[in-house]
J.: 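Just passing along the structure, written as structure tokens.
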Amino acid sequence: DISTSEIAVIDVPVHEIINELARLSPKEILLSEKLRTSDLTRSINNNLHKRISYQVDSFFAFDKCLKIVLNFYNISSEKAIGEISKNQISSLGSALEYLSLTQKENLPHLPLPKIIPYKSFMLIDAATRRNLELTSNVLGQVKGSLLGVLDQNVTKSGSRLLYKFLSMPLIDIDEINKRLAITEFFYSNNSITQNIKKILKKTSDMERSLSRIFMKRGSGRDLLSIK
């Protein structure tokens, strides 16, 4: 997401690709030209209705993508990123190259990608996700969804974080308890919570302001927001 300078990679089984795309709800999907008539492409077109940009197969070649990743992050080895797979390198490198082609001189400032373990959250198929109306209703609107009901955030970044929490339910008991402990603290210390909310209400969407500045699309308002 270049608007917030967020980037992450995840490996999923082929049969889970559609479900993962439903969770992410991307604006655009990069696919190899050889997949143009595949079942995956038909499923994307029939169920997700997302824009697909086809590229030649060499666009995703590992060696080429690895070089792009190393140059972009100015690192000598992919180990600096962490335990990243060849598939993830190919995805990351092709996405970075596509950004360089479409954004040209206004490349966003992106941190090292987060590596998301495939089984670190509950897997929800696309149909179930749609029927549960976790983050949008059957019409694709936030209003009426679980997110629409729960979102009392006073910042845009808070709303985006809640979206992630709802779209990726935790399954690790330790991580669940950590999140509950944080919730319990703020619930039990209402005066602190209210003071923090007052401070946060005065802040702008710093993530997007910083991203616009790095991409040379910022305005005076963006500069004032991070002052």
J.: Measure the shortest side-chain to side-chain distance between Leu31 and Ile44 over non-hydrogen atoms and say whether it is less than 4.5 angstrom.
T.: yes
J.: To the nearest 0.5 Å, what is the distance between CD1 (Ile2) and OG1 (Thr102)?
T.: 7.0 Å
J.: For the residue pair Arg208 and Thr4, what are the closest heavy atoms and their distance?
T.: NE-CG2, 3.5 Å
J.: To the nearest 0.5 Å, what is the distance between CE on Met168 and CD on Glu20?
T.: 7.0 Å
J.: Only pairs at least two apart or in different chains count here, so list each side chain to side chain donor-acceptor pair (under 3.5 Å) that has a residue in residues 114-126.
T.: Asp125-Thr128
J.: Please list, chain by chain and in numerical order, all residues satisfying side-chain contact (heavy atoms from CB on, under 4.5 Å) with Leu180, sequence neighbours excluded.
T.: Ile176, Asn177
J.: Using modelled atom types and a 3.5 Å cut-off, is there a donor and acceptor pairing between side-chain atoms of Ser145 and backbone atoms of Gly148?
T.: yes
J.: Do Tyr98 and Gln55 have a side chain donor and acceptor closer than 3.5 Å?
T.: no
J.: Can a donor-acceptor pair be found, under 3.5 Å and without considering hydrogens, that links the side chain of Thr135 to the backbone of Leu147?
T.: no
J.: Do Leu96 and Ile115 sit in the same hydrophobic cluster, where Ile, Leu, Val, Met, Phe, Trp and Tyr count as joined when their side-chain heavy atoms come under 4.5 Å apart?
T.: yes
J.: Using a side-chain heavy atom cutoff under 4.5 Å and only I, L, V, M, F, W and Y, what cluster partners does Phe186 have?
T.: Val154, Ile182, Phe185, Ile192, Ile196, Leu200
J.: Do other residues, nucleotides or ligands put more than 12 heavy atoms under 6.0 Å from Glu83 CD?
T.: no
J.: Verify side-chain contact (heavy atoms from CB on, under 4.5 Å) between Val142 and Tyr163, making sure each step is shown before the conclusion.
T.: CA-CA 10 Å; Val142 174; Tyr163 178 96; over 6 Å; no
J.: Are Ile29 and Leu24 co-members of a hydrophobic cluster defined by side-chain heavy atoms under 4.5 Å apart?
T.: no
J.: Look at the side-chain heavy atoms of Ile, Leu, Val, Met, Phe, Trp and Tyr, link any pair under 4.5 Å apart, and say whether Leu99 and Val69 land in one connected group.
T.: yes
J.: Given 3.5 Å as the limit, does a donor-acceptor pair link the side chain of Tyr54 with the main chain of Lys34, or not?
T.: no
J.: Roughly how far apart are Ile84 CD1 and Lys79 NZ, rounded to 0.5 Å?
T.: 13.5 Å
J.: Is the backbone N or O of Ser5 less than 3.5 Å from a side-chain atom of Glu207, with the two atoms forming a donor-acceptor pair by type?
T.: no
J.: Once rounded to the nearest 0.5 Å, what's the spacing between atom CG of Asn137 and atom CG of Leu146?
T.: 12.0 Å
J.: Compile the donor-acceptor pairs under 3.5 Å between side chains in residues 8-17 and protein atoms, sequence neighbours left out, one pair per line.
T.:
from: Asp11; atom 1: OD2; to: Ser85; atom 2: OG; distance (Å): 2.6
from: Glu16; atom 1: OE1; to: Asn19; atom 2: ND2; distance (Å): 2.9

J.: For Ser167, does its backbone N or O pair with a side-chain atom of Arg129 as donor and acceptor, under 3.5 Å?
T.: yes
J.: Answer yes or no: is there a side-chain heavy-atom contact under 4.5 Å between Glu78 and Leu66?
T.: yes
J.: Enumerate the salt bridge (charged side-chain N to carboxylate O under 4.0 Å, His left out) contacts for residues 58-67, please, sequence neighbours excluded, ordered by first and then second residue.
T.: Lys64-Glu97
J.: Could you measure the distance from the CG atom of Leu110 to the CG atom of Leu92? Nearest 0.5 Å is fine.
T.: 9.0 Å
J.: Would you indicate whether the side-chain heavy atoms of Lys156 and Arg160 approach each other to under 4.5 Å?
T.: yes
J.: Taking all atoms of both residues into account, what is the closest heavy-atom pair of Tyr73 and Pro111, and its distance?
T.: OH-O, 2.9 Å
J.: What's the shortest heavy-atom distance between Leu30 and Ala95, and which atoms?
T.: CD1-CA, 4.1 Å
J.: Count the heavy atoms belonging to other residues, nucleotides or ligands that lie under 6.0 Å from CG of Asn74, then report whether that count exceeds 12.
T.: no
J.: Kindly indicate whether the side chain of Thr41, heavy atoms from C-beta on, has any atom under 4.5 Å from the side chain of Arg36.
T.: no
J.: Go through the structure and list residues passing side-chain hydrogen bond (donor to acceptor under 3.5 Å, both in side chains) with Ser204, not counting sequence neighbours.
T.: Ser225
J.: Tell me whether Asn153 contacts the main-chain N or O of Thr155 through its side chain, where contact means a donor paired with an acceptor under 3.5 Å.
T.: no
J.: Honestly curious: do Leu161 and Leu150 fall in one hydrophobic cluster under the side-chain, below-4.5 Å linking rule?
T.: no
J.: Hey, does the side chain of Arg42 reach the backbone of Thr37 with a donor-acceptor pair shorter than 3.5 angstrom?
T.: yes
J.: Do Pro169 and Ile124 have side chains that approach each other closer than 4.5 Å (heavy atoms only, starting at C-beta)?
T.: yes
J.: With no hydrogens and no angle check, is any side-chain donor or acceptor of Ser94 less than 3.5 Å from a backbone partner on Ser91?
T.: yes
J.: Given the rule that I, L, V, M, F, W and Y join up when any side-chain heavy atoms are under 4.5 Å apart, are Phe60 and Ile68 in one cluster?
T.: no
J.: What's the separation between atom CG in Leu166 and atom CZ in Arg23, rounded to the nearest 0.5 Å?
T.: 12.5 Å
